[in-house]
> 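My structure is below; once you've seen it, I'll send some questions.
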Amino acid sequence: MRYSKAFLPTVKEAPKDATMPSHVLLLRAGYARMVGAGLYEMLPLGLRVLHKVSDIVRAEMDAAGAQEVLMPALLPADYFKETDRWDGFGDTLFRLQDRRGQPYHLGPTHEEIFTDLVRREVKSYRQLPLNLYQIQAKYRDEPRPRGGLLRGREFLMKDAYSFDASEEGALASYESMRDAYHRIFSRLGLTYRVVRADSGAMGGSTSAEFQVLTQTGEDALVACAACEYAANAEIAEARAPGSSDAPDPATLEPVGTVATPNVKTIDEVVEFIGGDLTAARTLKSLVYALDDEVVLVVVRGDRAVNETRLARHLGVPAVVLASDATVERAFGALPGSVGPVGFSGRIVADLEVPFVVNAVAGANEADHHYTNVNYGRDFQAELASIRQVVGGDACPSCGEPLEAYRGIEGGHIFILGTRYSQQMGATFLDEVGEAQPAIMGCYGIGISRLMASAVEQHHDADGICWPMPIAPYHVIVSPVGKDDAVAAAAEDVYRALTEAGIEALLDDRDERPGVKFKDADLIGIPLRVTLGKRGLAEGTAELKGRTEAQAQAVPLEDLAATLRDRVVTDGGRLRL
RNA sequence: CGGGGCGUAGCGCAGUUUGGUAGCGCGCACGGUUCGGGACCGUGAGGUCGGAGGUUCAAAUCCUCUCGCCCCGACCA
């Protein structure tokens, strides 16, 4: 492509609405334009990237035995009504009517339509397993679109649906997709983790999220640097202190009482008592109200309670802090003065609590705290892993420090079971002629979201730094200076690269070198070949990787071969 | 949906408090000088000030209503 002919509008200043790096850069570098909240136009460069991502996804899906189809985006309401999602999806569903007043919607996800197709066409176990997918726009009227292409109201998604005759088959389909996803995310050049998440209301079934690690993602994660452990912070746990850390009984001091007027928070306690007291040597006591009882929850003073884990431990959907009145009734003191010592009700303590020696805790009396409180001697509790994990905590699987990340959910796979097939009557006849509902799985990848995720992960102060496999072009050829010989040499190079199957962008604009370099960096093409009259006199061009500081001189006659090797090594695909 | 903020030239902004002929930078067009990291000089085009209604001799500015967008939160296959 010749830059002079390309529809490639770069801008110096970002629209003020854009805050995320990917949003700013994709707009500035001429990949996309916004037309409304969560609605984007894909310009030529952006579409090239989407195609590259799609091609990789398609190749790996096909290799895993899935078959591509294309379903309508505009769908009659009947299907969602069959599974109660017409109401269940709520305001997120884009609803519309045709001229006769018949209700339709734009597909936010396509379980029903695929299930319908299969129930009409699949009659026998001999036709299973079957895995169908599509790459298509999805529509969701999000309460709040944000982050540019990261959460739009229209977005490009690959969704696949597997149908199996048995549980084992469904698991095999799921595992095959999981393996394919690993290959896809690796090939895309993304740093990612497979993460267990709270399955929430959908509940119970096997699922995994493929999270692209970034500083700006919507989900908080922890991931181990040393092993494969990674989890959504909502459900993550840390390795509990070992028995070798157990307190020496000889060091336990007798319990004392201190007057702590108007001292409520842990920070205030630490400051008021002073000395060598730290928050880690206090106990934080929180009171949660269940239907028929109150539960005292104790964590180390510098920790936060993970309410998702607490709710799981208690076997309830969600937990709510008790009101001041409830707390006073149960403890004779208000929050800020409550503690486990002397409380006869249910106490749940985090696994770290037994290792806090001679702790300060609320005395269940206004304006008083106990000192030298020790678990076991002074109170007992159910022990459970209920604290919020933070970066630096020990990995539950290998003990090495966990790192805190934010992640962008780029893919999600799960086994659906028979929810849809049962409700919609998608059955097949098994070996003995009995009708059985197909066991389903579904597997999504946010194509346009991954494009933005890649930018979140691969950019610097000057612009985007595309991984080679999804870069819109492999190489940008930048002749500098007004010399005719340079321009001619650039044409030769461009032709040679194109013939070698390398996707090259020739910056043949009549612009100053600084402008060309700034645009090249902004656009983020992985390799740049600079031609100038100095190098030309020696028969060389400069080759510089987007993320490299130094350029290297390459003889012109070696250029095509050198670039070919480099493109292929970096995961690019030659167009031959 | 709750809280906050913003709509003025293609983009980024000033002007609104205190009503009085709509400005700046970038970009764009033309001419000239420049040419290895977003050059410089000159000339010029471009805006119903988000929309509707009202107050006033006069509204970007004051009042009412409305639409849109962004951020935080709630929500989220």
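Convention: sequence-line order gives letters A, B, ...; per-chain numbering from 1.
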> Report the nucleotide, chosen from B:rA74, B:rC11, B:rA77, that has the shortest atom-to-atom distance to any side-chain atom of A:Phe414.
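Looking only at side-chain atoms, A:Phe414 lies closest to B:rA77.
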> Report the residues that fulfil salt bridge (charged side-chain N to carboxylate O under 4.0 Å, His left out) with A:Asp460, sequence neighbours left out, ordered by chain and then residue number.
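Listed in chain order: A:Arg546.
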> Can you tell me how the ring of A:His182 sits relative to the ring of A:Phe210, calling it parallel under 30°, perpendicular over 60° and tilted otherwise?
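Rings of A:His182 and A:Phe210: perpendicular, over 60°.
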> Quickly work out the A:Asp141 CG to B:rC75 P distance and round it to whole Å.
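Distance check: A:Asp141 CG to B:rC75 P gives 18 Å.
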> Report yes if a side-chain nitrogen or oxygen of A:Thr19 is closer than 4.0 Å to either non-bridging phosphate oxygen (OP1 or OP2) of B:rC71; otherwise report no.
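Result: yes.
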> Can you list every pair that meets side chain to side chain donor-acceptor pair (under 3.5 Å) and has a residue in residues 23-32 of chain A, with sequence neighbours left out?
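As it turns out, the side chain to side chain donor-acceptor pair (under 3.5 Å) pairs with a partner in residues 23-32 of chain A, which skip direct neighbours, are A:His23-A:Tyr40, A:Tyr31-A:Trp466.
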> Between atom CD1 in A:Ile415 and atom P in B:rA77, what is the gap in whole Å?
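Going from CD1 in A:Ile415 over to P in B:rA77 covers 19 Å.
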> Determine the Euclidean distance between corresponding P atoms of B:rG38 and B:rG27; express it in Å to zero decimal places.
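To the nearest whole Å, 13 Å.
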> Between B:rG19 and B:rA60, how far apart are the two C1' atoms, rounded to whole Å?
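Straight-line distance between the two C1' atoms is 10 Å.
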> Holding to side chain to side chain donor-acceptor pair (under 3.5 Å), I want the full list of residues that pass it with A:Asp519, two or more places apart in sequence or in another chain.
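Only A:Thr10, A:Arg509 meet the side chain to side chain donor-acceptor pair (under 3.5 Å) criterion with A:Asp519.
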> Quick test: give all pairs of protein nitrogen or oxygen and nucleotides 13-15 of chain B nitrogen or oxygen below 3.5 Å, distance rounded to 0.1 Å.
none

> Base, backbone or nothing for each nucleotide of nucleotides 31-38 of chain B, written B, S, -, heavy atoms under 4.0 angstrom, 5' to 3'?
---BBBBB
> NA contact type, A:Met157, heavy-atom cut-off 4.0 Å: base, sugar-phosphate, or nothing?
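The residue A:Met157 makes base contact.
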> With the threshold set at 4.0 Å, does a side-chain nitrogen-carboxylate oxygen contact exist between A:Arg95 and A:Asp141?
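Looking at A:Arg95 and A:Asp141, the cut-off is not met.
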> Within a strict 4.5 Å, meaning less than it, do heavy atoms of the A:Leu556 and A:Leu531 side chains meet?
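Counting from C-beta outward, A:Leu556 and A:Leu531 do come under 4.5 Å.
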> Which value, in whole Å, describes the distance between the C1' atoms of nucleotides B:rU48 and B:rG7?
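Roughly 16 Å separates the two C1' atoms.
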> Can you tell me how far P in B:rC75 sits from the matching atom in B:rU56, rounded to whole Å?
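It comes out at 50 Å once rounded to the nearest Å.
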> Between B:rA22 and B:rU16, how many Å separate the two C1' atoms, rounded to a whole number?
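Those two atoms are separated by 13 Å.
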> Expressed in whole Å, how much space separates the C1' atoms belonging to B:rA59 and B:rG51?
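Straight-line distance between the two C1' atoms is 15 Å.
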> Now, which nucleotide makes the Watson-Crick or G-U wobble pair with B:rU64, with each of the two distances under 3.5 Å?
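By the stated definition (distances under 3.5 Å), B:rA52 pairs with B:rU64.
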> Measure from CZ on A:Arg144 to C1' on B:rG5 and round the result to the nearest Å.
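It works out to 12 Å between those atoms.
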> Please give the nucleotide sitting opposite B:rG31 as a Watson-Crick or G-U wobble pair, both distances under 3.5 Å, or none.
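Partner of B:rG31: B:rC41.
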> Cation-pi check, A:Arg48 to A:Tyr473: give yes when NZ or CZ is under 6.0 Å from the six-membered ring centre and within 45° of the ring axis, no otherwise.
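Satisfied, under 6.0 Å and within 45°.
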> Is the A:His412 to A:Tyr443 ring centre distance short of 6.0 Å?
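No; A:Tyr443 has its ring centre 6.0 Å or more from that of A:His412.
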> With sequence neighbours left out, write down each residue that passes ring-ring contact (aromatic ring centres under 6.0 Å, His included) with A:Phe89, or none if nothing qualifies.
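Listed in chain order: A:Phe80.
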> When the C1' atoms of B:rU61 and B:rG23 are considered, how many whole Å apart are they?
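Their C1' atoms lie roughly 15 Å apart.
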> Is A:Ala14 touching bases, backbone alone, or none of the nucleic acid, heavy atoms closer than 4.0 Å?
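Answer is sugar-phosphate: A:Ala14 comes under 4.0 Å of backbone atoms only.
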